[in-house]
Structures are given as structure tokens and as C-alpha cells.
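Here's the structure we're looking at; comments come further down.
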Amino acid sequence: MQIYVDPNFFIKEIEGHSEGTIEENKKSLQDIINILVEIMQAIADSKINVPYWKKYLETLVHKLIYTSNSIIKLIEGYELKTFNNSVLIRKVVDYPTLYILSRALIENYVTLSYIYNNVLKDEERIFRFKLWEVSGLISRQNFENELENTDIKQKKLDEEEMIEKIISEISKMSEYKNLDKGQLKKLENHGLPRIESWNKLIQQSNLKQPNFSNLYSLFSNYAHSEYLGIMQTSQSSHHADDQRNIESVKLVLNHVRIIISLTIKYCTNNFISAEIIFNTFPQIYQTSINLYAKIGSK
């Protein structure tokens, strides 16, 4: 028998919440995603001057939006056909891939929390950003490509100078002394985008525990093709009408809705333009978003 997580994992206290159909749940999530899109447009239109280390906040939020929309498209399902166009399964909903995208969504939100959405002083946030930034640049340096053109080679040379500059800046920050020998070696050789493991960062974020830690562990089994993920995939019909499949889809919809709602609350709490536009939406949506954010946070 397949081991699965109850789709009402977060919301036992809300009677009858998941009684709606998959289509109704999809519509609800899509509306909330679209609200976040409009909020981000309002922030962009306000042309706020932000410090350089906050420049990727917008990108992280848009990545949440893109992944969430991809999840909704995947939930629509597809027919499984042979080369000769014979239909083997009328409608497949690929929940293992939904789990993989959901894992990426959690990591995306946790990165947003790790760098920006926390109670740390700006000095610590800047330190985390610089580690994250320089680690990405180091990773790009390590990619080998014999077909690199002159422009790419020059860009890598420019970024090599940037790496040296950022490492020098990091080494002078008070937080640098807290890195152990292993972390320093990793930073030098491969980069150190995060000081802690993903599981530790999930625990340190504002995501409700142990719910999201358990979800992340479940989803990781599918992302890394671990035995549990492969075993449960082999035991699944993947048919859209299969009850276990429906429960898996609802699980994904619920957790995505929570993460998008938490992101909306972060934006409205930190940008006046976001708060203003949020207050123009129908009260039913404001209430729903506030409720989901409350359910999913500590």
C-alpha cells in the first residue's frame, strides 16, 4: 500500500475545507497567484529604490509564481498514448513530478526567508546575500565549455574579479568569523550559498513545523529517485480518478496555496504599494489569504 501524506495535513481545524473538487481548488489557487502577480506589478510600478542586495527579491517571488503556474498546468493532466496513438490511460496526473516541483517551491520560499524574510539585522542579511551571490558566481566559473565565445570568456574573467572582490568584502564582515573550517573550504572551492542544510533552514523559517519539514522529506524522495519514491510511483495508477492521486494533488494544492499566501503577506508587510493594492481585492480573497498564511506559519 502506498504511503502518503493526508491532504488536510495543515488544516485539520478547518471543517470541510478540502471538500471541493480539484477544479475548484485549482481555481482558488490560480486566483491567489494572480493576486500576487498584481501585487508585484504594483511594487514595480512604484519604482522603489532598494539597496543592491535586495535586487533579487523580485526574481525570487516571480520564480514562485512561475513554478506555481507550472504546477497548475501539470494538474490538468494528459492522455498517455502509444506511438500509434492508442490511448493507454485516458487522463494521467503525474503526482511524482508535482512533488518534485513542490520541493523546488519550498526551497525557493526558504531562500526568500533565509535572505530577506527574517528578523535578522541588515548586516547579517547582507552577509547571507553575499555568500549566496559569490557562490553562484563560483559555480559559473566551474562550468567547462569548449564552445565558449569571446564574450562569454570575457564575462567569466570579469566575474572572476567580482568573486575576489566579494570574498574580500565577506572576510571583513563580523559574521565571517562564525564560519568553521569546513564551510571556509567549501566557500573557497565550490561556494557556500547557505550556511545550514535545507532541513535546518526550513526549521528556522516561518513555515509551520513539523509539517513542512515532513513534506520536504517526502518530496525529496521523489526528486532524488530514492527507493521510497520509486516504490510508491510503481504502486500508483496515476489515473486522474484514482483516490490516492486526488489526495496527492490536494496535498500539493494546499501547500502551494499556503506558500503563495505567505509571500503575499510578506510583500504587504514590507511594501506600501503592495498593501494598498491588496486592500482593493474582494474581502473573501483577503480573508482566505490571511487564513492560509496563519495556518502555514509558526
Side-chain angles (χ1 to χ4, degrees), residues 29-72 104-137 139-140 151 154-155 158-159 161-163 165-166 169-170 173 175 193-194 201 205-207 256-290 292-294 296-297:
L29 174 57
Q30 187 68 72
D31 287 343
I32 292 175
I33 294 170
N34 293 347
I35 286 173
L36 180 55
V37 171
E38 195 160 339
I39 284 172
M40 293 307 295
Q41 187 59 51
I43 293 173
D45 290 344
S46 66
K47 302 186 185 302
I48 304 170
N49 289 323
V50 297
Y52 87 97
W53 61 275
K54 289 187 177 180
K55 62 184 178 180
Y56 287 116
L57 170 59
E58 181 182 13
T59 306
L60 283 167
V61 175
H62 277 112
K63 191 168 181 291
L64 286 170
I65 291 168
Y66 301 148
T67 304
S68 299
N69 275 302
S70 295
I71 285 172
I72 287 179
L105 195 78
I106 292 174
E107 290 182 351
N108 192 161
Y109 179 80
V110 169
T111 300
L112 177 69
S113 297
Y114 171 68
I115 300 174
Y116 302 112
N117 185 18
N118 52 60
V119 296
L120 300 173
K121 294 180 179 179
D122 276 356
E123 290 78 10
E124 177 69 18
R125 291 174 178 173
I126 293 170
F127 179 71
R128 290 183 173 191
F129 172 80
K130 286 182 177 291
L131 279 179
W132 184 60
E133 177 186 32
V134 76
S135 297
L137 295 173
S139 293
R140 183 142 69 178
D151 290 341
Q154 183 59 52
K155 187 171 185 62
D158 294 340
E159 289 182 353
E161 293 181 5
M162 288 176 60
I163 289 170
K165 178 177 179 293
I166 297 170
E169 292 171 351
I170 289 173
M173 300 179 77
E175 294 80 9
R194 289 162 293 278
L201 293 182
S205 73
N206 67 336
L207 294 174
V256 175
R257 194 183 285 110
I258 285 170
I259 286 180
I260 295 300
S261 296
L262 283 168
T263 305
I264 289 172
K265 293 302 295 180
Y266 169 75
C267 292
T268 57
N269 289 336
N270 287 274
F271 300 96
I272 296 297
S273 55
E275 182 182 10
I276 291 171
I277 194 70
F278 179 73
N279 289 331
T280 67
F281 294 112
Q283 188 62 47
I284 188 172
Y285 288 107
Q286 294 184 43
T287 301
S288 177
I289 289 166
N290 288 332
Y292 269 100
K294 183 178 179 180
S297 61

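Since the structure is predicted, the reported quantities are computational estimates derived from the model, not experimental observations.
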Legend entry - Residues which pass salt bridge (charged side-chain N to carboxylate O under 4.0 Å, His left out) with E107, listed by chain and number, not counting sequence neighbours: R103
Legend entry - S261 versus I289, closest heavy-atom pair with distance: CB-O, 3.5 Å
Legend entry - Candidate pair Y116 and N270, rule side chain to side chain contact (heavy atoms under 4.5 Å, CB included), full reasoning: CA-CA 10 Å; Y116 302 112; N270 287 274; over 6 Å; no
Inset, instruction - Dump the intermediate steps for side chain to side chain contact (heavy atoms under 4.5 Å, CB included) on V50 and L57, then the final yes or no. - result: CA-CA 10 Å; V50 297; L57 170 59; over 6 Å; no
Legend entry - Heavy-atom pair of closest approach, residues L262 and A293: CD2-O, 3.4 Å
Legend entry - Minimum side-chain heavy-atom gap L120-R128 below 4.5 Å: yes
Inset, instruction - Starting at OH of Y66, measure out to CD1 of I71 and round the result to the nearest 0.5 Å. - result: 15.5 Å
Inset, instruction - Check for a donor-acceptor pair, side chain of N108 on one end and backbone N or O of L60 on the other, with a separation under 3.5 Å. - result: yes
Legend entry - Any side-chain heavy-atom pair of I72 and I33 under 4.5 Å: yes
Inset, instruction - Check whether any side-chain heavy atom of L29 lies under 4.5 Å from a side-chain heavy atom of S68, and answer yes or no. - result: no
Legend entry - salt_bridge(R125, D122) N-O dist < 4.0 Å: yes
Legend entry - Side chain to side chain, M173 and E169, heavy atoms closer than 4.5 Å: no
Inset, instruction - State the CE-CD1 distance between M40 and I35, to the nearest 0.5 angstrom. - result: 14.5 Å
Legend entry - Main-chain N/O of F281 paired with Q286 side-chain donor or acceptor, under 3.5 Å: yes
Inset, instruction - Any chance you could measure S46, atom OG, to Q41, atom CD, to the nearest 0.5 Å? - result: 10.0 Å
Inset, instruction - Could you grab the distance from atom NZ of K265 to atom CG of N206, nearest 0.5 Å is fine? - result: 12.0 Å
Legend entry - Pairwise distance CD1(I115) to CD(E133) - rounded to 0.5 angstrom: 10.0 Å
Inset, instruction - May I ask you to test the F278-Y285 pair for a side-chain heavy-atom distance under 4.5 Å? - result: no
Legend entry - Donor-acceptor side-chain pairing of E38 and N34 below 3.5 angstrom: no
Legend entry - Stepwise side chain to side chain contact (heavy atoms under 4.5 Å, CB included) test for L36 and I32: CA-CA 6 Å; L36 180 55; I32 292 175; over 6 Å; no
Legend entry - Note, Y56 side chain near K63 side chain (heavy atom, < 4.5 Å): no
Legend entry - Expected output: side-chain T280 to main-chain I277 donor-acceptor under 3.5 Å: yes
Inset, instruction - For the pair E161 and K165, find out whether any cationic side-chain nitrogen is under 4.0 Å from an anionic carboxylate oxygen. - result: no
Legend entry - Any E58 side-chain heavy atom under 4.5 Å of I43 side chain: no
Legend entry - Exam field: side chain S113 to backbone Y109, donor-acceptor pair closer than 3.5 Å: yes
Inset, instruction - Keeping the roles fixed (side chain from N69, backbone from I65), state whether a donor-acceptor pair exists under 3.5 Å. - result: yes
Legend entry - Gap separating the CG atom of L64 from the CD1 atom of I106, nearest 0.5 angstrom: 11.0 Å
Inset, instruction - Measure the shortest side-chain to side-chain distance between N290 and K294 over non-hydrogen atoms and say whether it is less than 4.5 angstrom. - result: no
